[in-house]
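Structure first, commentary second.
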Amino acid sequence: MAMSRDDIFNQVRDVLVDALGLDDSDVTEDATLMGDLGAESIDFLDIVFRLEKEFNIKVPREELFPAEAVMNNPEYVSGGKVTAKGLAELKAKMPHTDFSEFEKNPDINKIADLFTVSAIVNFIEGKLQ
Amino acid sequence: MYRQARCFGAPADSLFENKIMRWIWIDKFLEFESGKRAVSLKNVSLAEEHLHDHFPGFPIMPECLMIEAMAQTAGILVGEARKFQEKVVLAKIKNAVFHHFVRPGDTIILHAEIESIAPEAASTTGVIKRGDTVIAQINLMFSHVDKNLAGKKFPEENFVFTDMFNSLLTGFAETQTTEGSN
């Protein structure tokens, strides 16, 4: 039987609590990993490893957190903003992510805000289907 | 903790300039199973000067140095898994729990296992024992710095794994799987 979204959220929350040393209550659906939960780059790998183990799936890092490749490509970033082409690429690579806020001002400094708890839950939900 | 990371070869510019302080904090490997697990041994001696200050009249091995010993055991295991092609640095102490003191005259045995390994990083689990007594549980993450700091210039040589580290593995790495050498 497929896991419910709530079950997935609870397990993702446990992973983040362990990986980042948080309290349960810190982990909300719209919390951003870097801004709100204080994740650093090595934590992303830690989270990927833990998700793989927890859900018994393969999580290619560039699939869950593909922004690095986009940010390093001059076609996709111009003047500190993600270009239309870059935005299309991000959307294609991150179907599990809500872009509605980011689209209004696609500042590359805001790119970290795309990595929310709900984006991870959506990603896992997609993988388990 | 920062000092631990630097000791294990974390990239700090001053370290490059000064050719890096290098020290080995484990005495030998007892078992080495390539890509999977390693067991090392460290003898703790009152001749180690820091024990005189930690603490006067009550010498115990500092916990951070138990982490260093585990970082070396697990770090060499992770490095050998990719045939030392990667520069492996301690990136994160996932957790470290200490149950007992370690005193001069003790022999501690460090058991490290690779939990996950990817092109950019690895995570390891570890237990330190004295006899049958569990002294500490230490889980770590290592970063393969070349894969994560693209564009940053590193020295040509592998500054993490020097000949000194390799000498610890003599008799183990070539055969891939060897049981106790003592």
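Any value given below was found using the heavy atoms of this structure, including those in side chains, with hydrogens, waters and symmetry copies removed. Source: prediction; values computed, not measured.
Counting heavy-atom neighbours within 6.0 Å of A:Asn56 CG, excluding the residue itself, gives a total of 12 or less. The local environment of CZ in B:Phe101 is sparse, with at most 12 non-hydrogen atoms from other residues, nucleotides or ligands closer than 6.0 Å. The environment of A:Glu103 atom CD is dense: over 12 non-hydrogen atoms of other residues, nucleotides or ligands sit within 6.0 angstrom.
Atom CG in A:Asp46 sits 3.5 Å away from atom NZ in B:Lys92 (nearest 0.5 Å).
Taking 4.0 Å as the cut-off between side-chain N and carboxylate O, A:Lys53 and B:Glu115 count as a salt-bridged pair.
Here the shortest heavy-atom pairing between A:Phe49 and B:Ser116 reads CD2-CB, 3.3 Å. The two atoms that bring A:Ile42 and B:Met141 nearest to each other are O-SD, 4.1 Å, heavy atoms only.
The part of B:Ala122 that comes within reach of chain A is its backbone (N, CA, C, O), which places non-hydrogen atoms under 4.5 angstrom from that chain.
Criterion: ILVMFWY side-chain heavy atoms under 4.5 Å apart, direct or through other members. Under it, B:Leu140 and B:Trp25 are part of a common hydrophobic cluster. Hydrophobic clustering places B:Phe84 together with B:Leu77 (ILVMFWY residues linked when any side-chain heavy atoms are closer than 4.5 Å, directly or through intermediates).
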